[in-house]
Amino acid sequence: MTIEECYDRIGGSFAEAKERLISEKMINRFVGMFLKDQSFAGLKDAMEKGDCAEAFRFAHTLKGVCGNLSFTKLFETSSELTESLRNEDTVISSDARALYQNVEAVYRNTVETIQAYIG
């Protein structure tokens with residue numbers, strides 16, 4: 001699999017990533033670093049604990065990371081979750097929990113695809 005195919009499979013934009021990160025070498029470096037990012041782990045933990053403020057913080061961070069890497073599909077789903085949590089008070093709504101399930105599915109596909117690409 002090429003890096004372009006990897007981006008296609010995760011619903012990302014390789015062209016945008018290349019504009020932002022300039023070279024394929026830099027893209028590969030940052031895509032590999034994504035696997036070590038703890039934003040999703042923090043989001044998962046906060047959602048399980050029902051900590052709305054922390055869930056918002058981690059969803060927002062994940063959204064930013066995905067935006068920088070042009071992981072479009074994961075950016076969009078994490079953005080929806082971020083906006084849902086932004087309006088929450090102290091209890092995470094069932095709507096936010098449903099959005100989290102979408103983020104989790106897209107995140108898993110993204111990680112599995114990157115792992116297959118890296119080998």
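- The shortest non-hydrogen separation linking Ile92 to Ala55 is CD1-CB, 4.3 Å.
- Side chains of Val65 and Leu74 form no contact here, defined as non-hydrogen atoms less than 4.5 Å apart.
- Taking 4.5 Å as the limit, every side-chain heavy atom of Asn68 sits out of range of all side-chain heavy atoms of Phe30.
- A donor-acceptor contact shorter than 3.5 Å links the side chain of Arg97 to the backbone of Met47.
- Glu4 pairs by the side chain to side chain donor-acceptor pair (under 3.5 Å) definition with Thr2, not counting sequence neighbours.
- The closest side-chain heavy-atom distance from Ile27 to Tyr7 is below 4.5 Å.
- Under the rule for a side chain to side chain donor-acceptor pair (under 3.5 Å), Asp8 has no partner lying at least two apart in sequence or in another chain.
- Within the structure, the salt bridge (charged side-chain N to carboxylate O under 4.0 Å, His left out) test picks out no pair touching residues 17-31 (sequence neighbours left out).
- For the ring pair (Phe, Tyr, Trp, His ring centres under 6.0 Å) test, residues two or more places apart in sequence or in another chain that qualify with Phe56 are His60.
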Check the pair Ser84 / Tyr100 against side chain to side chain contact (heavy atoms under 4.5 Å, CB included), numbers first and verdict last. CA-CA 10 Å; Ser84 176; Tyr100 168 75; over 6 Å; no
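- Side-chain atoms of Val106 and Ile10, non-hydrogen and from C-beta on, never get closer than 4.5 Å to each other.
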Kindly determine whether Leu21 and Leu69 satisfy side chain to side chain contact (heavy atoms under 4.5 Å, CB included), including the steps that lead there. CA-CA 8 Å; Leu21 299 173; Leu69 291 170; 4.2 Å; yes
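- Taking Asp95 as the reference, Ser93 meet the side-chain contact (heavy atoms from CB on, under 4.5 Å) condition, with sequence neighbours excluded.
- Screening residues 76-95 for ring pair (Phe, Tyr, Trp, His ring centres under 6.0 Å), with sequence neighbours left out, gives no hits.
- The salt bridge (charged side-chain N to carboxylate O under 4.0 Å, His left out) pairs that include a residue from residues 66-80 number zero, where partners must be two or more places apart or lie in different chains.
- Applying the ring pair (Phe, Tyr, Trp, His ring centres under 6.0 Å) criterion to Phe58, with sequence neighbours excluded, gives no partner residue.
- Looking only at side-chain heavy atoms (C-beta outward), Leu43 and Tyr107 stay at 4.5 Å or farther from each other.
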Might you work through the side chain to side chain contact (heavy atoms under 4.5 Å, CB included) test for Leu99 and Thr77, ending with a clear yes or no? CA-CA 7 Å; Leu99 291 169; Thr77 57; over 6 Å; no
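- Among residues at least two apart or in separate chains, side-chain hydrogen bond (donor to acceptor under 3.5 Å, both in side chains) pairs with a member in residues 44-59 are Asp45-Lys49, Glu54-Arg57.
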Test side chain to side chain contact (heavy atoms under 4.5 Å, CB included) on Glu83 and Lys63; report intermediate values, then the result. CA-CA 11 Å; Glu83 292 312 308; Lys63 176 184 90 165; 4.3 Å; yes
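- The side-chain contact (heavy atoms from CB on, under 4.5 Å) test applied to Ser13 returns Ala15, Glu16, Ser70, Thr72, not counting sequence neighbours.
- For the pair Thr90 and Cys52, the minimum side-chain heavy-atom distance is 4.5 Å or more.
- Between the side chain of Thr61 and the main chain of Ser39, no donor-acceptor pair closer than 3.5 Å is present.
- Taking the salt bridge (Lys or Arg N to Asp or Glu O under 4.0 Å) definition, one finds that Glu104 meets it with Arg108, sequence neighbours left out.
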Could you tabulate the donor-acceptor pairs under 3.5 Å formed by side-chain atoms of residues 111-119, not counting sequence neighbours?
from	atom 1	to	atom 2	distance (Å)
Thr113	OG1	Asn109	O	2.7
Tyr117	OH	Asn28	OD1	2.5

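- Once rounded to the nearest 0.5 Å, the distance linking CZ of Phe75 with SG of Cys66 reads 8.5 Å.
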